Each structure stands twice: as structure tokens, then as C-alpha cells.
There are 2 protein chains.
Amino acid sequence: MSKEQNLKTAALEKISHLDYFNIAISVDCVIFGYDNKELKVLLIKSDLEEFSGLYSLLGDLVRPDEDLESASYRVLRDRTGMEDVYLEQVHTFGGLGRHPSGRVITTAYYSLIDIKHHKLKLNHNDLHWHSVNDIKELAFDHKTILDTCLCRLREQVMDHPVVFNLLPEKFSLRELQDLYQSILDTDLDRRNFRKKIAIKGWLVDLNEMENNVPHRPGKLYALKKQHHRKGPKTLVLE
Amino acid sequence: MSKEQNLKTAALEKISHLDYFNIAISVDCVIFGYDNKELKVLLIKSDLEEFSGLYSLLGDLVRPDEDLESASYRVLRDRTGMEDVYLEQVHTFGGLGRHPSGRVITTAYYSLIDIKHHKLKLNHNDLHWHSVNDIKELAFDHKTILDTCLCRLREQVMDHPVVFNLLPEKFSLRELQDLYQSILDTDLDRRNFRKKIAIKGWLVDLNEMENNVPHRPGKLYALKKQHHRKGPKTLVLE
DNA sequence: AGTAAATATGTACTTACGACACATTAATTT
DNA sequence: AAATTAATGTGTCGTAAGTACATATTTACT
């Protein structure tokens, strides 16, 4: 290798080394909620000029002294005031042009919370629940991120007892079915749905009844303790 | 806010800003192969003193001008000489202590290649195929990464035609069953396995026979063109 | 020619899934 | 108080897929 090439290589390496650390990493949380028979997601008005008028997911840069889950929980805590929330990593998005101010790679998480239990810390802020079905466009690549997380949620819903995090502790089978229908965006046969849920063995019959419903009240159920899934998803290996 | 606090905050922000860009991001590839009825993974001797004697996955820092898939393909190309390889993102690992030289967040991919078709570019290097079952310990958190990717592969195997990337173009049903058994680490009933595969409709009967086998030769099959899955996994939304 | 080893195939049993109808209960209305 | 309304609660049948299991056939090898 010639002397010039050596110099050139050294210079390149120097630049490269600096650039390697010129990539920022963030987390974005797709925070799902459920209300009025609709699946909702928590969004905030984008503060970037490029995306003025558009909403975006809740996210933040990852700090040097926290891991990815900690960063996600910080975002969740700051925005919703909630702590023990179901959280699951979905995908990392690293496209070159995804952030107008520079190179930012983001890891997307989805989480499930009971809307009723959270006091929006920030009514002064432009933070609101939006019906997932109504969302056509978001800032950055956040629409893709949302779609990816929704897709993951739909994959999970029948095999894992996660969506109970969207409901109050006690619920009727009708409420549960309505929730499933919102998530899957389909109608389900009531008898087959009940059979399917019964087989899972996830629920306990509380021997209580709904009240304050304008019709015959249904039985109330709760998720069995052993199936509670709060906190970050634990990797189940093998 | 007092003046001192202001100064303090400004200083903190300065430090924080620098630190934000003091996180490096890498990709690690779990490159699976299949040979001698065993599932293999491509590993290299770790070059870090802390992990001397241990093997590690193949990875590299992500360059500022490439996205995550490009970085993974670069690693694959450099190490195996192969281009059109199945690749799927699995998980991002961002623990604080995972890299001894500093903060490195890594996105893990797995890929599937036909061992026979790749000319190990680097026999001089300490690059070798290892039986997945024999691996007890790896450098960094790479054992966890490997386990996570193996877990994902097992989830995919029955529902998606991906493992054919591990086989030559033409194969017998016995070879395919052996492969499934290696991946799932179980015995499968031959008749039920064939029925299950037949129902998928993934294969074409080539009307050819094995040869050079020391027993009655079986029919040869190939994956239908329409089910070929090369390149990076395409996100199928909704 | 005989033996060994693998291929190729079918049936009976059980379990899950999907379509579908009717009696019951409580709140509301008349 | 009786009738109406709207939702709850439950069972069957046909179909599709999953599992367990045995025998005849073909080729290579000795």
C-alpha cells in the first residue's frame, strides 16, 4: 500500500469513527388503549416544522445510561404516569431518510394500557387518543411503525393473554368480544368466541354481574393471576 | 430557576447531547446452515481479549450511510460471498454492559444459507460452522442472541417456507424431514410429516429420483418459484 | 438369489373450527 | 302488571386438520 493510500485510509478511518458515533438511537412507543369499542393510540402533535399539522408517536432519544426498555418506560411514565405496563419490542427502523434532522435509528415498542386508569398528565400538551382506524398519515415513518405494531398485536391476540391490559380488571364476555373485534377489525360469532376463550382457560368466573347496563347484565370475569402479563415481555426461549 | 441551576442544566445538556451520540449501533447476523443432519451456525473467534477463546457471531458497526439491512448484507457478503440470502430482523439488544469497550446497541438478524453453495471466503480466518446444539457459551451476549434467533426460526418453520434456503434446489422428502427434525430438535412421524407438507402446497414433484444414496432412492422435489423467499423479509402488513 | 434398509401409502380416532337457532333473563315501555 | 325489547347463555352437526399406527414395495448390497 502506498504512502498516500495509507494517509487516505487513516483519514477515512478517522472520519468513519466519528460518524459511527453520529447516529442517534431512540425508542418509539405505540401506546394502545381501548374506549367506546374502538382501539386507540396515544399521539402527540409533531413539534417539527417539516411535519407541522401531523401527529407522531411518543418517543425519545435513548440516554447513555439506560437500556432500551428503561427508555421506553421513561417515555411511558412521563406521558401516562403509569408504571407496570405491558411492553413488547417489535422492530427496529433504521432507514437513512427517516428523520429530517439527522441519522436516527429507532426501536419500536407497543404497550397496552387501560385508558380509564391513566390520568393524562398532559392535557395542556397536544396529547390525545386517536382511533387507530382513522389514522391516515403520521410524521416521520410513524405510520409504518404503527402498522407494524398493530400487525404484531393481531398476531398475539389469539395465542397470548395480552389484551386484558386494555380492559378493567372485571369485564364481561361481551366487552371482551367487542375488544377482539376492534383489534381484529372483524365480526366474531358469539358462541364460537366464547368456546374459544373458554378453552384457553385464561379466565375466572367472578360470580358477579354487570350493572348499570341498559339490558340483561352478563357475568363478570377476570384474568387469572398466573396469566397476568405486566412489565416488559419476557423472552421465552425454547 | 436559579442561575446556578441554569448553568448546571446547560452543562448537563451539553454532556448529554454528546453522550447521545456516544452510542454505537451494530448488526449481528446469526447465519444458519445445515449439514450432516445438523443445524449449524457460522461463528468467528472473538478478537477481544475479554473473550479470548470464545466464539462470537458475525457483526459490524452500522455505517452512517447505510441502513440496517445494508449493513447486514455487507456482513454476509464479506463473510460468505453470498448475495441473495434470506434475512430477517429478530430483535434489538441494548443492555448497558453488553460490550466491554463501550455502549453498543445491536440489531440481530438471522439468515439461512445453503452451506454447499458458499465458498468460505476466509479459511485463513477463524471462521467455522458450529453445531447449534453444541454451543454452550459465546462472547458478549451472543448466546442469548443465538437462542432468540433459533426460537424465531422454530416459530416460522411450520408456517412459512423459509427453511428451503438451507437446502439445495432439489431435495427428497427425507432430507426435508431430517432438516425439520434438526431445527425443531424432535422426531417426526414420516407419514404425518409428508401429509402436512403436502397440504401446504409449497413443493413441486420433479419426477426425478435421488441417486448416489446407499438405499432405495426417493423422489426429488423443489420449492415452487412463487414461494421463494430470498432477500430481506418483506413486512406483510394487515 | 436373498437380505437389509429405506420409500411410499391409508385408515381410524380424536380434536379443533365454523355455521347456525332457541330459550332465558332483566330492563324498559305501555 | 303485562307486554316488549334486547341482550345473555348454551349445544349440535358437519368439516377440516392432527395423531397414532402397519404393511407392501423398491433398490442396493452381499
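Quantities reported herein were computed from a predicted structural model and do not represent experimental measurements. Every chain is numbered from 1 and lettered A, B, ... according to where its sequence line falls, protein lines coming before strand lines.
You'll find that the side chain of A/Arg216 is closest to C/dT25, out of C/dT9, C/dA21, C/dT25. Checking C/dA6, C/dG10, D/dT8 against the side-chain heavy atoms of B/His215 singles out C/dA6 as nearest. Distances from the side chain of A/Lys196 to the nucleotides C/dC17, D/dT8, C/dC20 place C/dC17 closest. Considering only the side chain of B/Arg191, D/dC21 comes nearest among D/dT10, D/dC21, C/dT7.
If you check distances only, the side chain of A/Arg190 does reach the base of D/dG9 with a donor-acceptor pair under 3.5 Å. Taking 3.5 Å as the limit, the base of D/dT8 and the side chain of A/Arg174 contain no donor-acceptor pair of atoms between them. Side-chain N/O atoms of B/Lys195 and base N/O atoms of C/dT11 include a donor-acceptor pair closer than 3.5 Å.
At whole-Å resolution of the value, CG in A/Asn212 and C1' in C/dA27 are 12 Å apart. Taking atom CG of A/Asn192 as the reference point, atom C1' of D/dT15 lies 13 Å away to the nearest angstrom. Taking atom CD1 on B/Ile199 and atom P on D/dT19, their separation rounds to 11 Å, with Å as the unit. Across the protein-nucleic acid pair, B/Lys200 atom NZ and D/dA16 atom P stand 17 Å apart, rounded to whole Å. Atoms CZ (B/Phe193) and C1' (D/dC21) sit 18 Å apart, rounded to a whole Å. Computed from coordinates, the A/Met209 CE to C/dT25 P distance equals 10 Å when rounded to whole Å. One atom, CZ of B/Phe171, and another, C1' of C/dT7, lie 17 Å apart when rounded to the nearest Å. The CG atom of B/Asp189 sits 10 Å away from the P atom of D/dT19 (whole-angstrom rounding).
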- prompt: salt bridge (Lys or Arg N to Asp or Glu O under 4.0 Å) between A/Asp35 and A/Lys116: does it pass, once the steps are laid out?
  reply: CA-CA 8 Å; A/Asp35 190 31; A/Lys116 299 285 165 51; 3.6 Å; yes
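Each of B/Tyr221, B/Phe164, B/Tyr180 was scored for a ring pair (Phe, Tyr, Trp, His ring centres under 6.0 Å) with B/Phe171, with one residue passing: B/Phe164.
Judged by distance alone, with hydrogens and angles left aside, the side-chain atoms of A/Asp28 form no donor-acceptor pair with the main-chain N or O of A/Ile145 at under 3.5 Å. B/Asp141 places no side-chain N or O within donor-acceptor distance of the main-chain N or O of B/Thr144, the cut-off being under 3.5 Å. Side chain of B/Arg154 to backbone of B/Ile183: a donor-acceptor contact under 3.5 angstrom is found.
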